[in-house]
Amino acid sequence: MNIHKILGLTTGLVIFIVSVTGCLWVFKEEIESFYDDYKYVTPQNQDFLPASTIKELAENVIPNRSIHGVVYGKPNEAIEVVFYEAEPEVFYHSVFLNPYTGNVIKQIDNNAGFFGFVLKGHLRLWLPDAIGSRVVSYSVLLFLVILVSGLFLWWPRNNKNWKQRLKFDWNAKTRWKRKNFDLHTVVGFYVSSFGLILAFTGCVMAFNWFYFIAYKATGGDKDPRFVMPENEQIITSTISPNHNYDQLVPLLKNKYRDAFSFELHYPENDTTSILVEVSNSRGLYYNMDYLFFDQNTLKEIEATSIYGKYKNAKFADKVIRMNYDIHIGAIGGIVGKIIAFLVSFICATLPVSGILLWYGRTYKKQSKNKDSVLITHQV
């Protein structure tokens, strides 16, 4: 009882913020689809511009910044060039280009706007990352303990109380304290299993040790890290810049005709391979194919970690790769997202009803003690 109460009071505000921002983030793609005209172009009967030309055009728009990747979509979709740097401060911008002409359609700051604000609150409470991310991570970890202890407290001690614990039994005379108690316990019970899933998947993303344990516990035997292989063939000198990657996306489009998009990652230096992420489902990440190519020969290099071709993924690999899609409910399509939204919203109410429950009991005890002192004094 004390563990549940103390942890709940300690982490209540954090869990409230994380839950509210989480349920807002769930439908980010659907909401943005109402005003994302800049992501589309008029299809033309010609090939896309070479990847090296796209790189040069984007670097003219945002000079002296690192390109994370270039996303190639359908013939009617603009090319998105993603710039990302983690240090000293997160720089996360996107430049949308016409894939046929190279014209700049729009530049956006992914850290700004409504959803940028929501994500900062969800990940770090709008505090500096070094502080906020740790507070959020450990609060979510403690939330797992709170949910488990809450189930223990909820469990009826005798058969007579089962019916009472499973539904609301309110009438016109039911006081707000009783209603609040039922909202905390009955609703808490029904949402607890889904809440445990959201908290667990959050911990997998927050802690490396949690990530490794989750992977090994499900039978994983590969390297669970993202491993970028080196080139198999080393070329010590070149007369002109190596732009072999210009050929990759056109070749892969013919091979993966049903793919929704291809994200090309330029090689960081002369020794690293080229990465292309093939998205096989819109809005999902777990079943992507991660393909690596020698930048000198374009020979495909076999992945050594769980991040390779999805068809080669084992059960544990699939579980850990599904983690983010499970966390936001995307794994279940629109129904899954609705469930994730409702669970996050209800989880946000649990700290509120819990604090009101604690306050009501504490105030009642204090009131009784004052009345007892007053009566004793009068006698």
Side-chain angles (χ1 to χ4, degrees), residues 21-33 36 39 67-74 77 79-84 86 90 92 94 110-111 115-116 118-119 122-123 197-208 210-212 214-215 218 220 222-228 249 252-253 256 258-265 274-292 303-341 343-344:
T21 53
C23 70
L24 291 173
W25 182 264
V26 166
F27 291 107
K28 174 180 180 291
E29 292 185 2
E30 287 76 10
I31 294 173
E32 287 184 337
S33 66
D36 64 351
K39 292 184 179 181
I67 294 179
H68 173 72
V70 180
V71 182
Y72 295 81
K74 299 293 185 180
E77 294 180 338
I79 286 178
E80 179 184 3
V81 184
V82 181
F83 289 79
Y84 183 84
V90 175
Y92 184 21
S94 290
N110 294 300
N111 286 321
F115 284 107
V118 167
L119 186 60
H122 189 70
L123 297 179
I197 293 173
L198 294 185
F200 186 90
T201 52
C203 287
V204 169
M205 291 184 282
F207 300 103
N208 287 331
F210 203 103
Y211 174 88
F212 276 83
Y215 178 65
T218 51
K222 296 180 184 177
D223 190 338
R225 298 171 299 172
F226 188 90
V227 179
M228 194 76 178
V249 173
L252 292 174
K253 280 188 174 182
Y256 295 87
D258 295 329
F260 281 88
S261 66
F262 303 84
E263 183 169 348
L264 171 68
H265 297 261
I274 304 169
L275 165 64
V276 179
E277 299 174 14
V278 182
S279 178
N280 295 309
S281 301
R282 189 177 295 277
L284 291 173
Y285 295 91
Y286 79 93
N287 62 347
M288 294 177 68
D289 287 315
Y290 297 84
L291 310 178
F292 303 92
T304 58
S305 74
I306 65 173
Y307 296 100
K309 292 180 179 177
Y310 182 69
K311 68 178 183 180
N312 297 332
K314 297 181 180 179
F315 172 76
D317 307 342
K318 292 178 180 179
V319 170
I320 208 71
R321 286 175 58 160
M322 287 179 180
N323 190 76
Y324 177 74
D325 292 321
I326 294 173
H327 190 68
I328 65 170
I331 196 73
I334 191 65
V335 174
K337 287 194 171 188
I338 291 172
I339 292 173
F341 174 87
V343 171
S344 295

Are [X] and [Y] side-chain neighbours, meaning at least one heavy-atom pair lies under 4.5 Å?
X      : Y      : answer
Val70  : Phe262 : no
Ile320 : Thr218 : no
Asp223 : Thr304 : no
Asp317 : Lys314 : yes
Glu77  : Lys39  : no

For [X] and [Y], which heavy atoms make the closest approach, and how far apart are they?
X      : Y      : value
Ala330 : Gly283 : CB-O, 3.9 Å
Ala303 : Gly308 : CB-CA, 3.7 Å
Thr201 : Ile326 : CG2-CG2, 3.9 Å
Glu32  : Phe115 : OE2-CD1, 3.9 Å
His68  : His265 : O-ND1, 2.6 Å
Ile79  : Tyr72  : CD1-CE2, 3.5 Å

Measure the [atom1]-[atom2] distance between [X] and [Y] for me, rounded to the nearest 0.5 Å.
X      : Y      : atom1 : atom2 : value
Ile67  : Phe83  : CD1   : CZ    : 4.0 Å
Glu263 : Leu291 : CD    : CG    : 12.5 Å
His327 : Ile197 : NE2   : CD1   : 12.0 Å
Thr21  : Leu119 : OG1   : CG    : 8.5 Å
Ser261 : Glu80  : OG    : CD    : 9.5 Å
Lys222 : Asn312 : NZ    : CG    : 6.0 Å

Report task. Check ring-ring contact (aromatic ring centres under 6.0 Å, His included) between Phe27 and all other residues, then give those that pass, not counting sequence neighbours. Result ->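 With sequence neighbours excluded, Phe27 shows a ring-ring contact (aromatic ring centres under 6.0 Å, His included) to Phe341, given in chain and number order.
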Query raised in the report: Considering residues at least two apart in sequence or located in another chain, which fulfil the salt bridge (Lys or Arg N to Asp or Glu O under 4.0 Å) criterion with Lys253?
Result: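 Partners of Lys253 by the salt bridge (Lys or Arg N to Asp or Glu O under 4.0 Å) criterion come out as none, since no residue qualifies.
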Requested in this report: Dump the intermediate steps for side chain to side chain contact (heavy atoms under 4.5 Å, CB included) on Asn280 and Asn287, then the final yes or no.
Outcome: CA-CA 7 Å; Asn280 295 309; Asn287 62 347; 4.1 Å; yes
Query - Mutual orientation of the aromatic rings belonging to Phe226 and Tyr307 [parallel < 30°, tilted 30-60°, perpendicular > 60°] - result: tilted
Requested in this report: Hey, can you tell me if Tyr285 and Tyr324 have their rings parallel, tilted or perpendicular (30° and 60° cut-offs)?
Outcome: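 Answer is perpendicular, since the angle exceeds 60°.
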Report task. Check for a donor-acceptor pair, side chain of Tyr290 on one end and backbone N or O of Ile306 on the other, with a separation under 3.5 Å. Result ->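 No, because the side chain of Tyr290 does not come within donor-acceptor range (under 3.5 Å) of the backbone of Ile306.
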Report task. Would you kindly check if the NZ (Lys) or CZ (Arg) of Lys318 is within the cone defined by 45 degrees around the ring axis of Tyr310 and under 6.0 Å from the six-membered ring centre? Result -> yes
